[in-house]
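All heavy atoms count here, side chains included; hydrogens, waters and symmetry mates do not. These figures come from a predicted structure and were not determined experimentally.
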Amino acid sequence: MTHPPALKMADAVADLLAAPATAPLSLRTTTAERQQLAYGPLGIALLHIERAARGIGPWQRAHDWLTAATRQPFTSGPDSHPFYGAPALAHTVACAADHLPGTYQRALDTLDAQIASDIRTRLDAAHRRIDAGRLPHLAEFDAIRGLTGYGAYLLRRDPSSADLHAVLGYCVRLTEPLSSGGESLPGWWTASGPSGRLDERFPGGHANSGLAHGISGVLALLALAVRYGAAPAGHHHAMRTILAWLDRWQEKTDLGVAWPYWVTRAELADGHLIPSVPRRPSWCYGTAGLARAQQLAALVLGDSTRQVEAERALVAALTERTQLAATTDNGLCHGFAGLAHIAARTSTDAYPTTAGQLQSTIPALLAAVCPPGTDPANAAAALVRDEEAGPGFLNGAAGIALALLAPATTTPPLSAWDSCLLLA
């Protein structure tokens, strides 16, 4: 069943962002944020790539945005990461090249060679850190800045590559415990706060649960690797280690279970979470992203009980008023459009009963983005001109328009645009 208002709004966003020369954007998007997948022209290109792959938009629009993004060289090396610089460009270009054989091949070959070199440098540093018994930084392993994000790119480019298997081997090793101050901690425990910097609010650091910056991203990558025939040695044990940790810290809700954004040192010592208000069930942090990661792991482990529990947790997150009330925007990262996309992705792999329940949540999520009676063109214009969210991928108009397509049409993405989110 399609949702015409959401589709019309997505169409209107795409038309407003048809060309860099005419889009109503500030220079920030194409200058200061040029290399950012999250905020810049690359995310807008992804919108047009997916629409062209679906046959509802011209490829020229995607090409024009890629051209606008690449008028100057992209950053590589230690200052780049999966959402910034050459790796972000490579993800976007590869999504187009999948549908245009031979196009962009020379550029991709150059980018892939640089990315491979950067990954090896990062892996060497990570293994030296583990050998020395030091705790990791979030940016070493997370999906946005770290090796999990690089693994997601390699998995869709070449599941048989030696570099991917090296990244997956590192992910397995990351789940081995470390000793800090005489205490055994999970291998992904960081000394910092969630920002990646030392934070007096997190004395002793924390263990991050999220899909974007935490251990659920590693879980999703390992599960997807098994799915695509790239399982590393020790992957079952590694996934079960992560799942046991998440089981330890899950909380009961009115309709199911939820997971915390993180666990602090005080909570670890006490063995209990400090009570908090309900938090939004988003992709980046929260139950929606974690439920999808758990479902993917359950599928490859053959754990039907866990699969159903994960799917029910997502249904609860998308129907409980207390959880939904914490969601206050429409973005892909932590808003209603992102929740609709996750519901659609998860329902594709779900058991029939929970698949139907997940699909039944989608109309209300789409209506939250484009309420009944809203003029889609006006809503699109408001999204594009929203100075805080911007026009880009992670929080802004392009990401919202992308995230609406699969749930509003019941057709999964035809490009791999959301592979960087570790959802498929």
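- Sorted by first and then second residue, the side-chain hydrogen bond (donor to acceptor under 3.5 Å, both in side chains) pairs involving residues 380-389 (not counting sequence neighbours) form an empty list.
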For this session: Take Asp109 and Arg106 through the test salt bridge (charged side-chain N to carboxylate O under 4.0 Å, His left out) and record every step on the way to the result.
Result: CA-CA 5 Å; Asp109 289 343; Arg106 183 178 299 178; over 6 Å; no
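- A donor and an acceptor atom, one from each side chain of Thr409 and Arg54, are located under 3.5 Å apart.
- Ring geometry, Trp262 versus Phe202: the interplanar angle exceeds 60°, so the pair is classed perpendicular (tilted spans 30 to 60°).
- Pro136 and Leu174 make their closest contact through CG-CD1, 4.4 Å (heavy atoms, listed as atom of the first residue, atom of the second, distance).
- With contacts defined as side-chain heavy-atom distances shorter than 4.5 Å, the pair Leu324/Arg321 does not qualify.
- Between Trp249 and His272 the shortest side-chain heavy-atom distance does not fall below 4.5 Å.
- Interatomic distance, CD of Gln35 versus CG of Asp79, reported as 9.5 Å (0.5 Å rounding).
- Put simply, the side chain of Arg34 gets close to the backbone of Ala69: a donor and an acceptor are under 3.5 Å apart.
- Under a 4.0 Å N-O distance rule, the pair Arg61/Asp64 does not qualify as a salt bridge.
- At a cut-off of 3.5 Å, with distance as the only test, a side-chain donor of Gln323 or Glu320 sits close to an acceptor on the other residue.
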Contacts table for residues 229-243: side-chain donor-acceptor under 3.5 angstrom, sequence neighbours left out:
residue : atom : partner : partner atom : Å
His235  : ND1  : Pro232  : O            : 2.7
Thr241  : OG1  : His237  : O            : 2.9

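- Asn395 is not listed as a side-chain neighbour of Ile400, based on a closest heavy-atom distance of 4.5 Å or more.
- Under the ring-ring contact (aromatic ring centres under 6.0 Å, His included) criterion, the residue pairs touching residues 309-344 are His341-Trp417, with sequence neighbours excluded.
- The aromatic rings of Trp189 and Trp245 sit perpendicular to each other, their planes meeting at more than 60°, with 30° as the lower class boundary.
- Salt bridge present: Arg129 and Glu140 bring a charged side-chain N and a carboxylate O closer than 4.0 Å.
- Aromatic ring pairs are classed by plane angle as parallel below 30°, tilted from 30° to 60° and perpendicular above 60°; the pair Tyr170 and His127 is perpendicular.
- With respect to the salt-bridge test (charged N to carboxylate O, under 4.0 angstrom), the residues Arg265 and Asp270 do not qualify.
- To the nearest 0.5 Å, the span separating CG on Leu314 from OG1 on Thr361 amounts to 7.0 Å.
- Residues Ile119 and Leu154 have side chains in contact (heavy-atom distance under 4.5 Å, counting atoms from C-beta outward).
- A cation-pi arrangement is found for Arg279 relative to Tyr261, the charged atom lying closer than 6.0 Å to the ring centre and inside a 45° cone about the ring normal.
- Dense packing is recorded around CZ of Arg157, with more than 12 heavy atoms of other residues, nucleotides or ligands lying under 6.0 Å away.
- When side chains are defined from C-beta on, Tyr84 counts as touching Thr75, because their heavy atoms get closer than 4.5 Å.
- The pair Arg173-Asp131 counts as a salt bridge, with a side-chain nitrogen and a carboxylate oxygen less than 4.0 angstrom apart.
- Residues Asp112 and Tyr153 bring a donor and an acceptor atom of their side chains to less than 3.5 Å of each other.
- More than 12 non-hydrogen atoms from other residues, nucleotides or ligands lie less than 6.0 angstrom from OH of Tyr285.
- Side-chain contact annotation: Asp163 with Ser161, donor-acceptor N/O pair under 3.5 Å absent.
- The CE atom of Met9 sits 6.5 Å away from the CG atom of Asn330 when rounded to the nearest 0.5 Å.
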